[in-house]
Amino acid sequence: MIDNIVLQPIGVVKSTFKKQQDTKIGGLDKTAKIVIFDEYLDGLEGLDGFSHIMAVFYFHLSEKIELTAIPPRHNPQNKTIGVFATRSPYRPNLIGVSTVELLSIENNALFIKNKDILDGSPILDIKPYIPEKIDKVKLGWFIT
């Protein structure tokens with residue numbers, strides 16, 4: 001049994017979004033910056049060849065945990081579903097993952113687009129987005 005998991009941030013998000021409600025209004029067209037701490041700069045080598053990255057971050061402003069949620073978008077019936085089938089920030093471990101467009105890298109700053117990450121969010125990891133061919137994708141409750 002694992003008692004504790006300790007994670008150290010590798011950087012922080014600089015964004016105009018200060019609270020969760022801000023991401024619901026045009027978040028996909030906004031840009032932001034991920035500032036990587038100096039001791040992790042070598043880890044960025046080769047990342048500039050990717051158009052998209054996955055940012056793993058901590059929901060630092062979440063103050064509660066809820067095991068069900070009502071997704072605000074693509075859910076015309078306002079159906080309540082389990083938190084693990086949503087992108088809700090009110091999760092047992094407060095970890096978020098967003099796939100974002102990588103616009104450029106300048107020194108220790110990653111300029112990104114299509115994000116829903118709040119200002120000040122600690123970045124736990126960065127991974128390149130590599131699309132995989134999946135023949136049959138199911139979208140659950142998500143209405144397109």
Side-chain angles (χ1 to χ4, degrees), residues 1-75 78-134 137-144:
M1 177 85 184
I2 299 174
D3 292 330
N4 290 312
I5 298 173
V6 178
L7 302 172
Q8 296 296 321
I10 63 165
V12 66
V13 172
K14 300 294 182 184
S15 167
T16 58
F17 293 150
K18 307 298 183 196
K19 54 187 185 281
Q20 183 196 5
Q21 294 79 1
D22 295 341
T23 66
K24 296 177 184 174
I25 304 169
L28 297 181
D29 293 327
K30 302 290 183 176
T31 60
K33 178 170 56 173
I34 296 174
V35 178
I36 300 297
F37 300 145
D38 289 343
E39 60 265 36
Y40 301 106
L41 286 181
D42 288 346
L44 296 178
E45 184 65 35
L47 191 63
D48 58 351
F50 290 88
S51 65
H52 291 74
I53 59 173
M54 295 182 295
V56 181
F57 59 97
Y58 184 73
F59 286 115
H60 70 296
L61 297 180
S62 290
E63 297 176 350
K64 60 185 175 179
I65 295 171
E66 295 179 355
L67 295 180
T68 60
I70 301 174
R73 294 184 215 136
H74 306 285
N75 184 18
N78 286 330
K79 183 179 177 183
T80 299
I81 57 177
V83 72
F84 302 130
T86 75
R87 296 179 53 83
S88 171
Y90 308 119
R91 326 180 68 75
N93 284 312
L94 304 179
I95 294 173
V97 178
S98 286
T99 301
V100 298
E101 184 177 354
L102 179 60
L103 301 172
S104 66
I105 300 175
E106 297 176 20
N107 300 317
N108 68 333
L110 284 65
F111 294 89
I112 60 171
K113 183 178 176 184
N114 293 349
K115 58 93 193 164
D116 56 357
I117 310 171
L118 298 181
D119 185 63
S121 294
I123 295 294
L124 303 175
D125 203 357
I126 300 288
K127 298 180 182 300
Y129 174 74
I130 302 172
E132 297 181 30
K133 183 180 178 191
I134 301 173
V137 176
K138 292 174 63 177
L139 296 177
W141 59 267
F142 194 85
I143 305 297
T144 58

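These numbers come from a predicted model, not from an experiment. Sequence positions, counted from 1, serve as the residue numbers for this chain. Side chains are part of it too, since the values below use all heavy atoms of this structure and drop only hydrogens, waters and symmetry mates.
Within the model, atoms CG of N93 and CG of L7 stand 9.0 Å from one another, a figure rounded to the nearest 0.5 Å. Interatomic distance, L102 CG to K113 NZ, rounded to the nearest 0.5 Å: 13.0 Å.
Looking at heavy atoms from C-beta onward, R91 lies in side-chain contact with T86 at the 4.5 angstrom threshold.
Remark: S98 pairs with R87, D116 by the side chain to side chain donor-acceptor pair (under 3.5 Å) rule, at least two apart or across chains.
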Scan the side chains in residues 105-112 for donor-acceptor partners under 3.5 Å anywhere in the protein, sequence neighbours excluded, and list what turns up.
from : atom 1 : to  : atom 2 : distance (Å)
N108 : ND2    : I36 : O      : 3.1

Distance-only criterion, 3.5 Å: show the donor-acceptor pairs between side-chain atoms of residues 38-66 and protein atoms not counting sequence neighbours.
from : atom 1 : to   : atom 2 : distance (Å)
H60  : ND1    : S121 : OG     : 3.3
H60  : NE2    : D119 : O      : 3.3
S62  : OG     : P89  : O      : 2.9
K64  : NZ     : E66  : OE2    : 3.2

For residues 122-131, which side-chain N or O atoms pair as donor and acceptor with protein atoms under 3.5 Å away, sequence neighbours left out?
from : atom 1 : to   : atom 2 : distance (Å)
D125 : OD2    : K127 : NZ     : 3.1

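Sorted by first and then second residue, the salt bridge (Lys or Arg N to Asp or Glu O under 4.0 Å) pairs with a member in residues 2-16 form an empty list; sequence neighbours excluded.
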